[in-house]
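Remarks on the structure that follows.
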Amino acid sequence: MMDKTLAELAQGLKNKEFSSVEVTQAHLDRIKSNDGNYNSFITVCEAEALAQAQAADAVLAKREAPVLCGVPIAHKDIFCTEGVKTTCGSKMLDNFISPYDATVVKNFKQAGVVTLGKTNMDEFAMGSSNETSFYGGVKNPWDVKKVPGGSSGGSAACVAAGLAPAATGTDTGGSIRQPAALCGITGLKPTYGRVSRYGMIAFASSLDQAGPMTRNAEDAALMLNTMAGFDPKDSTSVDREVPDYTADLNNDLSGLKIGLPKEFFGEGLDAQTEKAVQDAIVVYEKMGAKIVDISLPNSKLSVPVYYVVAPAECSSNLSRFDGVRYGHRCENPQDLEDLYKRSRGEGFGSEVKRRIMIGAYALSAGYYDAYYLKAQKLRHLIADDFKHAFSQVDVIMGPTAPSTAFGIGEKSNDPISMYLSDIYTIAVNLAGIPGMSIPAGFSNGMPVGLQIIGNYFEEARLLNVAHRFQQETDWHMRRPQ
Amino acid sequence: MEWEVVIGLEIHAQLATNSKIFSGASTAYGAEPNTQACEVDLALPGVLPVLNKEVVKMATKFGLATGSTVAQRSVFARKNYFYPDLPKGYQISQFELPIVHNGKLEIVLDDGATKTIGITRAHLEEDAGKSLHEDFHGMTGIDLNRAGTPLLEIVSEPDIRSAKEAVAYMKKIHSLVQYLEICDGNMQEGSFRCDVNVSVRPKGQKEFGTRTETKNLNSFRFVEKAIHHEVQRQIEIIENGGEIIQQTRLYNPDTDETRSMRSKEEANDYRYFPDPDLLPVMIEESFIEQVKSEMPELPDEKKQRFMSDFGLKAYDADVLTASRELANYFEATVAAVAGEAKLCANWVQGEVIGALNREGMEISQAQVSPALLAGLIKRIQDNTVSQKIAKQVFEAMWNGEGDADAVIESKGLKQVTDIGLIEQVIDEIIANNPGQLEQYRSGKDKLFGFFVGQVMKQTQGKANPAQVNELLRKKLSS
């Protein structure tokens with residue numbers, strides 16, 4: 001019952017091949033014995049998980065259980081989980097036990113899904129390597145000297161290492177897709193507004209979106225079926241019907257128009273990564289897809305625009321961490337200013353501080369128009385590029401990241417180089433459209449991710465396109481040794 | 001030098017919703033600290049605001065009542081600053097695009113003249129919590145019950161030229177928001193409070209002087225006193241060759257002084273930006289029409305109706321429509337009496353308001369209901385009691401001694417209208433006061449009052465005054 005997909009586990013549970021308690025215990029055991037190598041979990045919820053599994057088994061006995069009932073998964077530690085430490089990878093929240101469940105967590109609980117634990121992540125989701133976590137970096141299961149990507153690096157690594165069959169992640173500029181690519185798993189960032197952000201600790205509110213990180217597209221579809229939907233507690237969630245994302249998985253791809261933006265295949269792209277992506281395109285051509293060369297002329301603006309918008313929003317979103325009501329508070333504050341300065345100074349790591357400062361600067365009087373307002377205008381140009389592209393093609397493909405996983409410590413002192421590792425993923429967040437990464441080969445023994453980008457609310461098409469590829473290839477079946 | 005005072009008001013009216021502007025927590029006043037603060041109000045990690053639609057309706061009502069433009073699209077922004085009673089580290093407010101703008105309000109001045117005050121804008125925002133500095137042994141307690149309470153901030157143009165005008169404007173807004181039932185107007189509880197911007201300039205000068213802002217005034221009297229103080233302070237500084245510094249000041253009612261809180265240089269950079277957690281507020285024409293159809297009668301309309309339907313003078317109609325409750329009280333009295341509107345107006349304005357002022361009560365606390373008052377007015381109408389005796393009956397009713405008939409009966413205050421009885425008393429008095437009679441008859445007309453007084457004294461005020469006058473005149477001259 002290990003190394004099975006969610007779909008297989010769900011079937012096995014229905015067929016009484018094993019119980020939820022057995023599956024859950026087996027994963028907990030593997031986490032206990034193996035996670036020392038990866039550091040992919042911040043908190044393992046052993047007692048809670050077993051209690052949930054028992055409850056799930058009771059429901060399963062009645063034969064009317066939801067599809068995923070009894071299946072264990074892991075949650076990125078950005079999702080508030082009632083009664084469980086929810087840290088967001090920060091010292092600031094090292095003592096924070098959430099009194100409530102995020103909507104995503106609640107949806108999974110209601111579906112009878114078991115929570116194995118909370119996965120490691122870059123502090124407040126700010127990072128592309130997981131090295132900014134207060135709980136130490138996560139190691140890539142394919143090579144423990146390398147990073148797993150970030151910020152959902154713990155989720156990606158635990159799925160790649162077989163410690164959990166699937167995990168939730170969040171993606172603000174590539175934080176699901178880039179670690180999925182670097183760890184050789186499947187990751188989907190849905191359309192902005194598709195999944196509720198309630199209870200998901202905010203980094204950049206207008207960009208953040210939760211999504212599944214799984215072994216394959218079918219599991220991502222099953223996860224999204226549970227995650228997606230309108231939430232009256234999130235004004236930015238969209239009140240729109242949720243289709244059954246598994247329904248169209250096997251649709252035929254002949255005649256599918258795939259756009260290849262020239263901007264995604266230029267300077268800075270590792271040659272072997274490019275080769276893997278081009279080989280993947282050939283697989284699609286064999287399935288009857290048509291290749292169209294397209295251009296996203298404003299995509300070069302994505303990184304600078306992102307590094308104004310995201311820090312600006314985070315500088316405000318992180319103001320609530322002030323040492324007053326919860327979270328880290330400095331010892332013996334002398335006065336209010338001292339309380340703020342030391343609590344925040346001690347509680348936040350350097351990348352978080354850097355972004356708060358950049359953001360506060362971008363929003364300050366006299367600079368707002370030149371930075372924040374201008375960046376928001378450029379966002380429209382970037383979105384218009386995609387709009388134009390989707391008038392010609394059905395999906396857009398390219399590499400998820402410019403290279404495979406880099407060495408731990410390699411880029412941690414060079415923020416610009418680190419920021420560029422999200423160069424192909426950021427535009428998707430700025431436009432609010434869905435994007436996916438699926439395993440598409442290897443470069444020097446490390447996994448390469450193929451990015452598939454769709455139009456608004458076309459998650460079902462992305463999953464179909466990904467699933468058909470996974471019927472033709474076995475990259476997603478490979479496991480690290 | 002002659003100085004001209006320039007004043008603008010920012011009024012904060014707490015909107016009378018049941019729940020908060022961005023959460024489902026109750027807005028009820030006076031609960032135990034932090035019992036009405038949910039996860040959203042506490043700004044726990046991950047929570048999100050959801051707009052209470054009721055506040056949009058309330059702001060729209062205010063916009064319509066002041067001839068303002070109700071914006072098709074308005075935007076919530078974050079005003080960023082750190083303070084312990086501001087849980088998110090920012091206040092959600094409207095900045096560049098408020099829901100209401102460009103309105104006006106007419107006020108009546110002491111001399112009866114009217115003046116129009118422009119309303120620049122009115123925007124929606126959330127209130128902060130409270131910092132409690134006492135009882136915590138050198139620490140500060142935070143109560144977040146008030147955090148997230150909806151406010152409508154109403155900003156006037158700098159059209160106001162005196163403390164009296166400022167108070168008249170503030171009272172008018174105070175009455176209006178209660179008419180509209182969008183604010184309970186309770187100033188002690190802070191539901192209605194005001195910041196005052198004051199500057200002075202030499203009369204005739206076009207440019208405004210440098211202004212100061214005095215914050216958080218929660219009574220009409222404080223507004224008046226704070227303005228007087230601030231005007232005096234500014235004039236003295238300028239006349240002594242000094243300059244006004246743009247700053248925020250606080251009024252201390254105990255010392256009747258304002259003191260500096262912070263100057264422009266120390267002002268926060270609030271780093272406003274549109275709140276990405278909230279969608280723009282879009283208002284359609286059909287919504288505005290819907291709200292329009294639900295609008296109550298406004299004070300100015302009511303005043304006109306009181307004048308035309310009841311024949312009241314402008315001044316009286318103004319007094320009686322000052323608050324919706326008072327107007328309702330008056331109308332209920334008229335309805336119960338079935339007429340005699342002017343008499344009812346006199347009684348409400350005289351005895352009722354007099355008693356309320358004496359006791360420091362609101363009209364809602366009046367000890368004599370419109371029905372009770374109407375019962376008394378009917379007894380004046382049918383000559384059971386005179387106006388004078390009626391005041392005695394009113395006092396007894398106010399003290400809870402029963403309705404008019406019961407009081408008249410128990411105190412024996414029924415007016416004497418028996419001509420024979422009154423004649424008998426008059427005859428006695430004339431017989432007992434030959435000297436005065438002599439003087440009166442020799443032309444000292446003023447003594448007529450003496451005889452009236454004697455008769456009333458003898459009858460304990462119960463004799464019908466008209467009858468007394470008539471009979472006396474007849475007997476004295478015969």
Side-chain angles (χ1 to χ4, degrees), chain A residues 78-80 86-88 90 92-93 96 98-103 124 196-202 204-208 231-237 309 312-313 315-327 336-337 339-340 344 359-368 372-373 376, chain B residues 21-24 34 37-53 75-92 95-96 129 131 133 138-144 147 264 267-282:
Chain A
I78 200 168
F79 293 100
C80 283
T86 299
T87 69
C88 223
S90 180
M92 182 57 90
L93 291 176
F96 179 67
S98 177
Y100 78 104
D101 275 331
T103 299
F124 285 104
S196 170
R197 294 188 296 115
Y198 193 80
M200 189 177 116
I201 300 176
S205 312
S206 72
L207 301 164
D208 297 343
D231 180 4
K233 289 180 167 180
D234 175 2
S235 312
T236 63
S237 81
V309 173
E313 292 180 7
S315 73
S316 175
N317 282 334
L318 269 58
S319 294
R320 68 188 59 198
F321 306 109
D322 56 5
V324 174
R325 297 168 315 288
Y326 52 77
L336 186 58
E337 196 169 311
L339 169 73
Y340 285 150
R344 288 169 66 81
Y361 181 82
L363 290 176
S364 59
Y367 297 97
Y368 176 82
Y372 189 76
L373 201 61
Q376 289 293 9
Chain B
I21 183 167
F22 298 119
S23 86
N34 299 309
C38 68
E39 60 207 33
V40 173
D41 305 318
L42 295 172
L44 290 186
V47 297
L48 295 170
V50 175
L51 180 63
N52 179 344
K53 299 239 162 43
V75 171
F76 282 102
R78 293 184 183 179
K79 179 180 181 178
N80 294 283
Y81 65 96
F82 285 100
Y83 205 69
D85 59 23
L86 188 72
K88 295 186 293 297
Y90 57 84
Q91 178 195 30
I92 305 177
F95 183 52
E96 281 180 333
S131 294
H133 299 290
M139 311 242 280
T140 297
I142 307 292
D143 177 7
L144 294 177
K264 192 185 172 191
N268 287 312
D269 177 353
Y270 291 120
R271 292 175 283 123
Y272 281 102
F273 74 108
D275 191 331
D277 289 334
L278 290 160
L279 305 176
V281 181
M282 306 300 290

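Below, chain A is the first sequence line, B the second, and so on; all start at residue 1.
Interface remark: B:D277 contributes backbone and side-chain atoms alike to the contact with chain A (heavy atom separation under 4.5 Å). Only the side chain of A:F321 comes within less than 4.5 Å of a heavy atom in chain B; its backbone stays farther off. Residue contact with chain B, scored on non-hydrogen atoms closer than 4.5 Å, involves the side chain of A:F96 exclusively. If you measure heavy-atom distances from B:Y272 to chain A, the contacts under 4.5 Å come from the backbone alone. Contacts of A:A204 with chain B are absent, with no heavy-atom separation under 4.5 Å from either backbone or side chain. For a residue to count as touching a neighbouring chain, one of its non-hydrogen atoms must lie under 4.5 Å from one of that chain's; by this rule A:P99 touches chain B with the side chain only. Proximity to chain B is limited to the side chain of A:Y372, based on heavy atoms less than 4.5 angstrom apart.
Contact count versus chain A (heavy atoms, under 4.5 Å) is highest, among B:L44, B:I142, B:L144, for B:L44. Listed options B:V47, B:L51, B:D275 were ranked by heavy-atom pairs under 4.5 angstrom with chain A; first place goes to B:V47. Ranked by non-hydrogen atom pairs under 4.5 Å with chain A, the options B:G89, B:P276, B:P45 are led by B:P45. Among the candidates B:L278, B:T140, B:L42, the residue making the largest number of heavy-atom pairs closer than 4.5 Å to chain A is B:L42. The candidate from A:S235, A:A365, A:S316 with the greatest count of non-hydrogen atom pairs under 4.5 Å with chain B is A:S316. Interface check for chain B: of the options A:S364, A:C80, A:S206, the most heavy-atom pairs under 4.5 Å are formed by A:S364. Comparing A:M200, A:Q376, A:R325 by how many heavy-atom pairs each has under 4.5 Å with chain B, the most go to A:R325. Among the candidates A:L339, A:D322, A:I201, A:L373, the residue making the largest number of heavy-atom pairs closer than 4.5 Å to chain B is A:I201.
How far OG of A:S319 is from CZ of B:R271: 6.0 Å, rounded to the nearest 0.5 Å.
A:Y198 and B:L48 make their closest contact through CE1-N, 3.4 Å (heavy atoms, listed as atom of the first residue, atom of the second, distance). The two residues A:R320 and B:A43 come nearest to each other via the heavy atoms CD-O, 3.5 Å. In this structure, A:L93 and A:T87 approach most closely via the heavy-atom pair CB-O, 3.4 Å.
In this structure, the side chain of B:N268 does not engage the main chain of B:Y270 through any donor-acceptor pair within 3.5 Å.
Aromatic ring centres of A:Y361 and A:Y367 lie closer together than 6.0 Å.
Remark: B:F82 engages A:Y340 in a ring-ring contact (aromatic ring centres under 6.0 Å, His included) (not counting sequence neighbours).
For the 3.5 Å distance criterion, the side chains of B:D85 and B:S131 qualify, holding a donor opposite an acceptor.
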Walk me through whether A:N317 and A:F124 qualify under side chain to side chain contact (heavy atoms under 4.5 Å, CB included). CA-CA 10 Å; A:N317 282 334; A:F124 285 104; over 6 Å; no
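Contact of the A:P232 side chain with the B:V50 side chain is not registered, since no non-hydrogen atoms from C-beta on lie closer than 4.5 Å.
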